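Okay, structure first, notes after.
Since we're looking at a predicted model, the values are computed, not measured.
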Amino acid sequence: MTHEREPGPETAAPPLGQRRAAAPRPPVRWKAALSLTLAAAFGLVAMSWPLLAAPGGALTETTSGPWLFALLLPLVTAVVLLQLTDGGLDARAVAMLGVLSAVVAAVRPFGAGAAGVETVFFLLILAGRVFGPGFGFILGCTGLFASALLTGGVGPWLPYQMFAAAFVALGAGLLPGTPDTRAGRATELAILAVYAALSSILYGLLLNLSFWPFAITHGNLAYVPGGGFSENLSRLLAYSLATSLGWDIGRAITTVALVLLTGPLLLRVMRRAARRANWI
């Protein structure tokens, strides 16, 4: 005579008509949140130095800005990672971070072609959405760094790529709402698609800050050392419109398409992994 095991609280199916709620994100304590905020503020200020540098300063008169940024980036990233590890990312989360960083590094070379086709940003957006802004910020940095080592793309532009990708994943983690119904998941996917388009354009704008001050020295699109925020911002926008908008639109189309195609499956898989890891 055989006896069937009664389903316990861990194995019982949810009641009829009730869907399993989405997995909660890993908590971020106030120290980790503070370090993350300061790191994001540092990255934004460091990337925007052409718009903020005072006339006659060392940054406006030399090309040392990107190199100073590159030297300070590892320190800032290490501080954020230590704080997040202490405030919410345990060994399982760090393992997931390593796996996703490797996936980003492996996938990115397939999209580094013409017309702005990029095959990596959808992963950053979906992972940031599920695992939270702190996890997304670190994943943007580590994923792009690992990709640069794999493809030989190390250079003064790499810190800008890392921080810009970190901002993309960070923003996805800050989007509101946790869907637990079919309509909620459809709305979430639509919001992520809109965010993917906007963040793809913003990513290109941030990257232009890495070389725009040195690419053109004369004309209406050139950077004016110490010319003031509004003047240089208008020149940066005109430069981006004239040179990189086509590439940015290609990135936006690719990212939106991949979010819509893979989002339903990957969001479910990542949330299942978060539930099994007990990130509560």
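Ring geometry, Y223 versus W212: the interplanar angle exceeds 60°, so the pair is classed perpendicular (tilted spans 30 to 60°).
A donor-acceptor pair is defined here as one N or O able to donate and one able to accept, closer than 3.5 Å; such a pair exists between the side chain of N232 and the backbone of V224. S200 places a side-chain N or O within donor-acceptor distance of the main-chain N or O of A196, the cut-off being under 3.5 Å. The backbone N or O of G173 lies less than 3.5 Å from no partner atom in the side chain of R129, so there is not a single donor-acceptor pair. Panel note: side chain Y203, backbone V168; no donor-acceptor pair is recorded below 3.5 Å. For the pair S234 (side chain) and E231 (backbone), a donor-acceptor distance under 3.5 Å is present. Using modelled atom types, one side-chain atom of T119 and one backbone atom of V107 make a donor-acceptor pair closer than 3.5 Å. In this structure, R235 contributes its side chain and G219 its backbone to a donor-acceptor pair below 3.5 Å.
Hydrophobic clustering (side-chain heavy atoms under 4.5 Å, transitive across Ile, Leu, Val, Met, Phe, Trp, Tyr) keeps L170 apart from V194. Note on L192 and V269: separate hydrophobic clusters, where clusters join Ile, Leu, Val, Met, Phe, Trp and Tyr whose side-chain heavy atoms are under 4.5 Å apart, directly or indirectly. If you chain together hydrophobic residues whose side chains sit under 4.5 Å apart, L237 and L44 fall into the same group. Clustering ILVMFWY residues whenever any of their side-chain heavy atoms sit less than 4.5 angstrom apart, transitively, puts L245 in a cluster other than the one holding L198.
In this structure, Y160 and L206 have side chains that are not in contact, with every pair of non-hydrogen atoms separated by 4.5 Å or more. L209 places a side-chain heavy atom less than 4.5 Å from the side chain of P50.
A pairwise comparison of heavy atoms in S240 and L205 identifies OG-CD1, 3.3 Å as the closest pair. For A146 against S101, the heavy-atom pair with the smallest separation is CB-O, 4.3 Å. G136 and A169 get closest at one heavy-atom pair: O-CB, 3.1 Å. For L158 against L144, the heavy-atom pair with the smallest separation is CD1-O, 4.0 Å. For the pair G140 and A165, the tightest heavy-atom approach, listed with the atom from each and the gap, is O-CB, 3.8 Å.
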Pair up each side-chain donor or acceptor in residues 258-267 with any protein partner under 3.5 Å, not counting sequence neighbours, and list the distances.
{"residue": "T262", "atom": "OG1", "partner": "L258", "partner atom": "O", "Å": "2.6"}

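One distance of note links CZ of F122 with CG of L124; it measures 9.0 Å at 0.5 Å rounding. Between the CG atom of L51 and the CG atom of L233 there is a distance of 6.0 Å, given to the nearest 0.5 Å. Distance CG/L123 to CD/E118: 12.0 Å, rounded to 0.5 Å. Within the model, atoms CG of L236 and CG of L241 stand 11.0 Å from one another, a figure rounded to the nearest 0.5 Å. To the nearest 0.5 angstrom, I138 atom CD1 is 13.5 Å from L100 atom CG. Separation of atoms OH (Y195) and CD1 (I125) is listed at 6.0 Å; rounding is to 0.5 Å.
Within a 6.0 Å radius of CZ in F167, more than 12 heavy atoms belonging to other residues, nucleotides or ligands are found.
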Take E188 and R271 through the salt bridge (charged side-chain N to carboxylate O under 4.0 Å, His left out) test and state the conclusion after the steps. CA-CA 14 Å; E188 178 190 41; R271 283 179 171 138; 2.5 Å; yes
